[in-house]
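Keep in mind the model is a prediction, meaning the values are calculated, not measured. Below, chain A is the first sequence line, B the second, and so on; all start at residue 1.
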There are 2 protein chains.
Amino acid sequence: MSAITVLLVDDHLVVRSGLRALLGTQPDIAVVAEAASGEEALERLEQDAVAVVVMDLAMGAGMDGIEAIQRIRERNKGQAILVFTTYDSDADIVRAVDAGAMGYLLKDAAPDEIFAAIRGAVQGKSVMSAPVASRLFQQLRNPDEILTPREAELLSLLTQGLSNRELGQRLFISEATVKTHLAHIYAKLGVETRAAAIATAIRREGMR
Amino acid sequence: MSAITVLLVDDHLVVRSGLRALLGTQPDIAVVAEAASGEEALERLEQDAVAVVVMDLAMGAGMDGIEAIQRIRERNKGQAILVFTTYDSDADIVRAVDAGAMGYLLKDAAPDEIFAAIRGAVQGKSVMSAPVASRLFQQLRNPDEILTPREAELLSLLTQGLSNRELGQRLFISEATVKTHLAHIYAKLGVETRAAAIATAIRREGMR
DNA sequence: AGCCGTATCAGCCAAAAGGCTGAGAGACGG
DNA sequence: CCGTCTCTCAGCCTTTTGGCTGATACGGCT
């Protein structure tokens with residue numbers, strides 16, 4: 001039996017080394033390539049195919065992890081991709097899964113969990129860290145709390161600290177409409193003021 | 001010549017493995033212990049002394065890195081401690097240096113930079129990643145922009161989304177005083193609204 | 001055709017936030 | 001002792017925000 005080939009994508013050298021060392025303990029898993037950015041990952045995949053791509057989401061400059069996942073899936077629909085990141089923000093999880101990630105692991109996951117996720121990914125199984133899964137579940141269970149595209153757009157600008165007037169100008173809508181959207185956003189986020197909405201959004205939705 | 005003994009403190013197994021692998025390439029540096037939390041780090045140091053402690057700041061539950069640094073320095077004033085973390089937020093840097101860190105490295109630092117920092121730390125030299133140093137410099141250059149302790153306390157609560165009234169109740173001061181502090185905070189942060197202040201604080205001051 | 005979700009807008013009113021000026025009490029260092 | 005910093009508070013006025021009610025329009029689904 002041949003080993004499962006893996007491409008590591010992470011802008012931190014130490015994380016790549018650590019993963020490589022960790023995965024090296026498993027005879028059926030072989031790290032055959034590394035990339036420090038989304039762009040580099042695409043190049044590597046052009047050269048040699050791998051069974052699983054293990055990818056960090058936050059990646060300094062350039063293409064972020066989500067975009068990299070989309071690009072990879074555009075070229076190769078069947079490519080198995082595992083997200084391996086520090087954060088478990090709601091938005092990141094949803095976007096990553098949406099983009100085509102097969103699994104979502106946190107960097108403090110146990111080694112066995114990581115091995116299992118890689119082995120599962122090649123078989124098309126979806127593996128999630130427990131806290132990640134529970135967040136996803138919550139999203140699905142509460143469709144009322146999912147923001148509409150327009151609301152999400154507004155919230156994103158809101159976290160830049162804009163006033164209602166500025167929001168209206170940016171989005172080419174009246175201030176009245178801005179207030180309507182905000183009221184809906186507050187209700188969905190379970191807050192009562194814009195300050196709390198911003199705090200919640202930045203912390204929980206990963207809008208950095 | 002005996003090697004420089006190192007204790008790694010990081011809650012992520014992969015990061016510890018990666019650092020261990022990286023440092024293992026240097027004959028004069030020896031990782032002799034690891035810890036996954038601040039508490040564990042203190043225990044390890046009780047057992048065996050090391051030349052340098054390499055510590056992450058963000059550490060899941062329990063004691064955070066800053067607190068761990070303070071505790072270690074309480075017990076052993078001379079202990080060399082290097083911060084090795086993902087973020088370069090102004091507040092973290094100042095607090096870490098204040099707590100007694102000898103150096104501050106980012107996780108995407110080049111290997112040579114990391115080696116140099118460890119060798120420098122045992123000699124009492126202070127080594128910083130370039131972006132970190134420039135931030136520190138900016139802090140020192142603009143004393144007008146440093147928040148007073150009370151202002152920082154208020155800002156921290158502000159980022160929780162509290163109203164002026166709530167802030168007053170929490171801090172046992174009148175709403176008028178809250179407004180005075182806020183005006184000063186806005187001026188120092190260079191913003192005009194509480195929304196922008198929250199956005200700035202969370203993003204730039206690392207108040208997550 | 002009828003319903004629902006989404007996006008748009010208006011007007012009214014109360015509450016909150018922000019700008020401005022002024023001021024007293026302690027602490028700390030020169 | 002004096003100046004400076006910090007923290008505290010007050011009053012006044014304007015702007016912004018938030019709550020409420022109601023309305024129009026478009027697209028998709030049944």
Side-chain angles (χ1 to χ4, degrees), chain A residues 91 94-95 98 139-202 205 207, chain B residues 91 94-95 98 139-202 205 207:
Chain A
V94 173
R95 288 192 305 154
D98 214 54
Q139 286 273 336
L140 298 176
R141 207 194 44 183
N142 279 338
D144 288 356
E145 291 181 8
I146 295 180
L147 300 181
T148 67
R150 194 56 159 170
E151 286 162 1
E153 193 179 0
L154 205 144
L155 179 57
S156 165
L157 289 175
L158 186 66
T159 64
Q160 313 287 321
L162 303 189
S163 69
N164 290 348
R165 181 168 311 175
E166 292 170 319
L167 291 172
Q169 288 169 348
R170 288 284 194 95
L171 299 176
F172 306 106
I173 57 180
S174 79
E175 215 176 311
T177 306
V178 170
K179 291 171 81 174
T180 304
H181 284 311
L182 283 180
H184 294 159
I185 291 174
Y186 296 164
K188 290 181 180 178
L189 293 185
V191 300
E192 283 170 349
T193 67
R194 84 167 38 207
I198 293 173
T200 303
I202 296 183
E205 299 295 337
M207 293 187 173
Chain B
V94 173
R95 288 192 306 154
D98 214 56
Q139 285 275 334
L140 298 175
R141 208 192 44 182
N142 278 339
D144 287 357
E145 290 181 9
I146 295 180
L147 300 180
T148 67
R150 194 57 160 170
E151 285 162 1
E153 193 180 358
L154 205 143
L155 179 57
S156 165
L157 289 175
L158 187 66
T159 63
Q160 313 287 320
L162 303 188
S163 68
N164 289 349
R165 181 168 310 175
E166 293 169 319
L167 291 171
Q169 289 169 348
R170 286 284 195 98
L171 299 175
F172 305 108
I173 57 181
S174 80
E175 216 175 310
T177 305
V178 170
K179 290 171 85 171
T180 304
H181 284 311
L182 284 180
H184 294 158
I185 291 173
Y186 295 165
K188 289 181 181 179
L189 293 185
V191 300
E192 283 169 350
T193 67
R194 82 167 36 209
I198 293 173
T200 303
I202 296 183
E205 300 293 337
M207 292 184 175

Whole-Å distance separating the [atom1] atom of [X] from the [atom2] atom of [N]:
X        : N      : atom1 : atom2 : result
B/Leu158 : C/dA17 : CG    : C1'   : 11 Å
A/Arg165 : D/dG18 : CZ    : C1'   : 16 Å
B/Ile198 : D/dT17 : CD1   : C1'   : 13 Å
A/His181 : C/dA10 : NE2   : P     : 13 Å
A/Glu192 : C/dA15 : CD    : P     : 14 Å
A/Leu167 : D/dT16 : CG    : P     : 13 Å
B/Glu166 : C/dA16 : CD    : P     : 10 Å
A/Ile185 : D/dT17 : CD1   : C1'   : 14 Å

If you compare every side-chain N and O of [X] against the phosphate oxygens of [N] (OP1, OP2), does one of them come in below 4.0 Å?
X        : N      : result
B/Thr148 : D/dC5  : no
A/Thr193 : D/dG18 : no
B/Arg150 : D/dT6  : no
A/Asn164 : D/dT17 : yes

Review point. Taking atom types as modelled and ignoring hydrogens, do the side chains of B/Thr180 and B/Thr177 form a donor-acceptor contact shorter than 3.5 angstrom?
Key: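 Result is no, nothing qualifies.
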Given [options], identify the nucleotide with an atom nearest to the side chain of [X].
X        : options                : answer
A/Lys179 : D/dG19, C/dA16, C/dG18 : D/dG19
A/Leu182 : D/dG18, C/dA7, D/dC7   : D/dG18
A/Ser163 : D/dC7, D/dT17, C/dA16  : D/dT17
A/Ile173 : C/dT8, C/dA10, D/dG18  : C/dT8
A/Ala176 : C/dA10, D/dC7, D/dG18  : C/dA10
B/Tyr186 : D/dT6, C/dG18, C/dC9   : C/dG18

Review point. Taking for each residue the nucleotide of DNA chain D with the nearest heavy atom, is it B/Leu171 or A/Ala183 whose nucleotide lies nearer the 5' end?
Key: B/Leu171
In Å and rounded to the nearest 0.5 Å, what is the [atom1] to [atom2] distance from [X] to [Y]?
X        : Y        : atom1 : atom2 : value
B/Leu157 : B/Glu166 : CG    : CD    : 10.0 Å
A/Gln160 : A/Leu155 : CD    : CG    : 10.0 Å
B/Leu162 : A/Thr193 : CG    : OG1   : 8.5 Å
B/Leu167 : B/Arg170 : CG    : CZ    : 8.5 Å
B/Ile185 : B/Leu158 : CD1   : CG    : 6.5 Å

**Study point:** Polar side-chain contact B/Thr180-D/dC9 base: donor and acceptor under 3.5 Å
**Key:**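 A donor-acceptor contact between them is present.
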Check your understanding: When we call it a touch if two heavy atoms are under 4.0 Å apart, what does A/Thr177 touch: a base, just sugar-phosphate, or nothing?
Key ->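 The answer is base, as A/Thr177 lies within the cut-off (heavy atoms under 4.0 Å) of a base atom.
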Practice item. Assign A/Glu175 to base, sugar-phosphate, or nothing according to its heavy-atom contacts below 4.0 angstrom with the strands shown. Key: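 The answer is nothing, as A/Glu175 stays clear of every strand by at least 4.0 Å.
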